[in-house]
S.K.: 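So that we are looking at the same thing, I have put the structure below in structure tokens.
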Amino acid sequence: MIVPQLGLSGKSLLKLADLTDQQVLGLVDFAIDLKARKAAHEHLDAPLLKGRNIALIFQKSSTRTRCATVVAVRDEGGSTEYLNQADIHLGKKETVKDTARVLGRLFDGILFRGFAHETVEELARFAGVPVWNGLTDLWHPTQILADLQTIKEYFGQVKGLKLAFIGDGRNNVCNSLMRGCAKAGMDMVDVCPPELAPDPALFAAAQADARRNGCTVSVSHDPINGVKGAHVLYTDVWASMGEESAFNQRLELLRPFQVTMDMARRTGNLESGRLIFLHCLPAFHNHDTDMSRECGALEVTDEVFEAPFSKVFEEAENRMHTIKAMILASLA
Ligand code: CP
Ligand code: NVA
């Protein structure tokens, strides 16, 4: 397989703003090719990461991002080492800068998940090898690559479609979606209560990308009319990792923003099959987990989550293909 020339060789990916519009779309197309290559078992004959070692530093829990990266790297003949906060000295006995300089001499790349976005920036500044952001409090760029892949696979295109994000309109996933949709030429509306509106500077930067691509990024505080015309309904948990104490307050603010079948119908695109539901996962869609029982907040009904137009498990699988595309673009 020929790795496309995306201009990302040796580069880190900390946020979507680090990529040109063409690089975002190129990574999505590359991931679609890699998915077909895996289905045809071609990766077994010519692995692209043979002899490469990737460190995975995780300060927060993860199912998808961690496993997607492990499988992506293993598929291509490389290996990974999982390091959680308790395993290593990072930030406790050793500075981020020193940790970066040590790990950069041992590994070919580092995927980081954590709290402060400055930590991943500091790692990237000093590691001397590519660093990829697997989620910080501010951004979740690899998630959006998988979202765009899922949208493209369903609709055959991304440009000209409209995505409505409903919920905590200033979290890492929403911040990244604003930017990713604008770069991909999709209209994006952030449907949220005024108290959870996006940071004005991040919103303005996404709008500038959108203007260049002839699409729009907007904010609506109206859960009834805000979703009209959407082809993608997207939500996320009402309180992100590290914000769990805010659940009660969020429950009050976000109750009218729950994604329901009524909301799906109000897009006007459900009946024609021109609507999909996405969620980065994990999702609170029933009371079958300890946390969802405890906090009582469900951002989406079970009916929507389990409906045929819900593509959340395709989206979860695509985390692997897009993370593979990103790592190969940096290293292969
Ligand atoms: N969507 C996502 O990042 O999932 P994990 O928290 O399981 O990695
Ligand atoms: N906003 C969520 C995303 C989880 C993948 C969080 O940060 O917890």
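Order of listing sets the numbers, starting from 1, for every ligand and every atom in it. Note: hydrogens, waters and symmetry copies are ignored here, and every other heavy atom, side chains too, is used.
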S.K.: For His140, is at least one N or O under 3.5 Å away from an N or O on ligand 2?
M.R.: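 Min N/O separation from ligand 2 is not below 3.5 Å for His140.
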S.K.: Check Leu281 against ligand 1 and report side chain, backbone, both or neither, counting heavy atoms closer than 4.0 Å.
M.R.: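 Looking at Leu281 and ligand 1, just backbone atoms fall under 4.0 Å.
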S.K.: Under 6.0 Å between ring centres, would you say that holds for Tyr154 and Phe309?
M.R.: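 No, they do not, as the ring centres are separated by 6.0 Å or more.
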S.K.: Provide the number and element of each atom of ligand 2 under 4.0 Å from a heavy atom of Leu281.
M.R.: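 Counting atoms of ligand 2 from 1, those under 4.0 Å from Leu281 are 5 (C).
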S.K.: Is it the side chain (CB and beyond), the backbone, both or neither of Arg113 that lies under 4.0 Å from ligand 1, heavy atoms counted?
M.R.: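 It is the side chain that gets close, since no backbone atom is under 4.0 Å.
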S.K.: Should Asp137 be listed as contacting ligand 2, given a heavy-atom distance under 4.0 Å as the test?
M.R.: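 No, that is not the case, since the closest heavy atom of the residue is not under 4.0 Å from the ligand.
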S.K.: Is it the case that Arg66 places NZ or CZ above or below the six-membered ring of Phe58, under 6.0 angstrom from the centre and within 45 degrees of the axis?
M.R.: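 No, Arg66 does not sit over the ring of Phe58.
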S.K.: According to the side-chain hydrogen bond (donor to acceptor under 3.5 Å, both in side chains) rule, which pairs have a member within residues 196-205, sequence neighbours left out?
M.R.: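 Non-adjacent pairs meeting side-chain hydrogen bond (donor to acceptor under 3.5 Å, both in side chains): zero.
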S.K.: Return yes or no for this condition: an N or O of Asn172 is under 3.5 Å from an N or O of ligand 2.
M.R.: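 N/O-N/O distance under 3.5 Å: yes.
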S.K.: So which protein heavy atom does atom 4 (O) of ligand 1 come closest to, and at what separation?
M.R.: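 Looking at atom 4 (O) of ligand 1, the protein heavy atom closest to it is Arg64 NE, 2.8 Å.
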S.K.: Ignoring angles and geometry beyond distance, decide whether Ser240 reaches within less than 3.5 Å of ligand 2 through its nitrogen or oxygen atoms.
M.R.: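 Right, the criterion is met.
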S.K.: Indicate whether the side chain of Asn318 and that of Glu153 have a donor and an acceptor atom separated by less than 3.5 Å.
M.R.: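 The criterion, which ignores hydrogens and geometry beyond distance, is satisfied for Glu153 and Asn318.
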S.K.: Kindly say whether Gly134 contributes a backbone atom to a donor-acceptor pair with the side chain of Arg113 at under 3.5 angstrom?
M.R.: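 Here the side-chain-to-backbone pair exists.
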S.K.: Under 3.5 Å between some N or O of ligand 2 and some N or O of Leu135?
M.R.: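 Looking only at distances, the answer is no, because the N/O contact criterion of under 3.5 Å is not met.
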